[in-house]
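Below, chain A is the first sequence line, B the second, and so on; all start at residue 1.
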Number of protein chains: 2
Amino acid sequence: MSKWGVLVLLALTDGTHRWGELRREVDGISEKMLASTLRTLETDGIVSRTSYPEVPPRVEYALTELGRELMEHMLPLVQWVALRADGIVRER
Amino acid sequence: MSKWGVLVLLALTDGTHRWGELRREVDGISEKMLASTLRTLETDGIVSRTSYPEVPPRVEYALTELGRELMEHMLPLVQWVALRADGIVRER
DNA sequence: CAGCATCCCGAGCGATACTG
DNA sequence: CAGTATCGCTCGGGATGCTG
């Protein structure tokens, strides 16, 4: 799971989101990467995908129980990195 | 920081190590990746490099204070992933 | 709206050989 | 012992266009 995986999971930590929302919220991600990232996360059982049989189509993504557990362990690290990242880049 | 970065840091969490030790302990890493990984970690201020002016050469690598702080935040996640990884791979 | 199919390029990385 | 140099290929990922 790369950078995009983390960013998508981060976007999902505050609840369910639709495809288009993720497309907009995860800054700079292409449709291709969003699609493949979501598929990977889904087959890993970290994210759940629910499509509603409507026109126009609506698909919602959310963290599974495993996903929420993962984010519980990952968030502290992400926040620490975010805190330190500026300094690390500046130092070198 | 990729897979190799994590594995090198993991090897360093139990203290200082020499180049050759890391080469053996980090399973499957090539000399090239070990070198570039260590250089990246060093310029990021996560790992310190100490070379002793001896023959034969001896170079030791260790976590810096920043590195230890990082591992403090990263270890819980790594352990959780290690716990779950088997199940995740098996499930799909 | 929510994707999939193609083409394409450059970074990442492995393998191998050489050096201070 | 502790690296550097070079080659070659795989693959992530961007751009673009098409579909149910």
- prompt: When you match B/Arg24 and B/Arg39 each to their closest nucleotide on DNA chain D, which lands nearer the 5' end?
  reply: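 So the residue in question is B/Arg24.
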- prompt: Mind checking whether A/Val6 and A/Met74 have side chains closer than 4.5 Å, heavy atoms only?
  reply: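 They are in contact (side-chain heavy atoms under 4.5 Å apart), so the answer is yes.
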Atom-pair distance ([atom1] on [X]; [atom2] on [N]), nearest Å:
X       : N      : atom1 : atom2 : value
B/Glu31 : C/dT16 : CD    : P     : 12 Å
A/Glu42 : C/dA2  : CD    : P     : 15 Å
A/Arg23 : C/dG3  : CZ    : P     : 12 Å
A/Leu38 : C/dC1  : CG    : P     : 17 Å
A/Glu60 : C/dC1  : CD    : C1'   : 13 Å

Summary of ring-ring contact (aromatic ring centres under 6.0 Å, His included) pairs that have at least one residue in residues 25-44 of chain A, sequence neighbours excluded: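 Found none.
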task: With sequence neighbours excluded, give me every ring-ring contact (aromatic ring centres under 6.0 Å, His included) pair touching residues 2-23 of chain B.
output: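 Residue pairs passing ring-ring contact (aromatic ring centres under 6.0 Å, His included), neighbours aside: none found.
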query: Considering only heavy atoms, which members of residues 11-21 of chain A lie under 4.0 Å from some atom of DNA chain C?
result: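 Per residue number, the list reads A/Arg18, A/Trp19, A/Gly20.
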Residues that [X] engages under salt bridge (Lys or Arg N to Asp or Glu O under 4.0 Å), provided they are two or more places apart:
X       : answer
A/Glu60 : A/Arg58
A/Glu21 : none
B/Arg23 : B/Glu31

What donor-acceptor contacts under 3.5 angstrom involve side-chain atoms of residues 62-72 of chain B, with partners at least two apart or in another chain?
{"unit_1": "B/Thr64", "atom_1": "OG1", "unit_2": "B/Gly45", "atom_2": "O", "d": "2.6"}
{"unit_1": "B/Thr64", "atom_1": "OG1", "unit_2": "B/Ile46", "atom_2": "O", "d": "3.2"}
{"unit_1": "B/Thr64", "atom_1": "OG1", "unit_2": "B/Leu66", "atom_2": "N", "d": "3.3"}
{"unit_1": "B/Thr64", "atom_1": "OG1", "unit_2": "B/Gly67", "atom_2": "N", "d": "3.1"}
{"unit_1": "B/Glu65", "atom_1": "OE1", "unit_2": "B/Arg68", "atom_2": "NH2", "d": "3.0"}
{"unit_1": "B/Arg68", "atom_1": "NH1", "unit_2": "B/Leu63", "atom_2": "O", "d": "3.2"}
{"unit_1": "B/Glu69", "atom_1": "OE1", "unit_2": "A/Arg84", "atom_2": "NH2", "d": "3.3"}
{"unit_1": "B/Glu69", "atom_1": "OE2", "unit_2": "A/Trp80", "atom_2": "NE1", "d": "2.9"}
{"unit_1": "B/Glu69", "atom_1": "OE2", "unit_2": "A/Arg84", "atom_2": "NH2", "d": "2.9"}

Protein-to-nucleotide contact annotation, 5' to 3' order, nucleotides 5-15 of chain C [B base; S sugar-phosphate only; - none; under 4.0 Å, heavy atom]: -BB-----BBB
message: Counting neighbours of CG on B/Asp14 that are heavy atoms of other residues, nucleotides or ligands and sit closer than 6.0 Å, is the number greater than 12?
response: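 Result for CG/B/Asp14: enclosed.
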Point-to-point distance, once rounded to the nearest 0.5 Å, from CE of A/Met33 to CG of A/Leu38: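 Between A/Met33 CE and A/Leu38 CG, I get 10.5 Å after rounding to 0.5 Å.
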- prompt: What's the spacing between B/Ile29 CD1 and B/Ser36 OG if we round to 0.5 Å?
  reply: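 Between B/Ile29 CD1 and B/Ser36 OG, I get 7.5 Å after rounding to 0.5 Å.
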query: Using rotation axes that map the C1' atoms of four end pairs onto the next four (five pairs an end), what angle separates the end axes of the helix from C/dC1-D/dG20 to C/dG20-D/dC1, to 10°?
result: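 Computed angle between terminal axes is 50°.
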message: Below 4.0 Å from chain A heavy atoms, what is the first contacting nucleotide of DNA chain D and what is the last?
response: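 First-to-last contact on DNA chain D, by the 4.0 Å heavy-atom rule, is D/dG13 to D/dG20.
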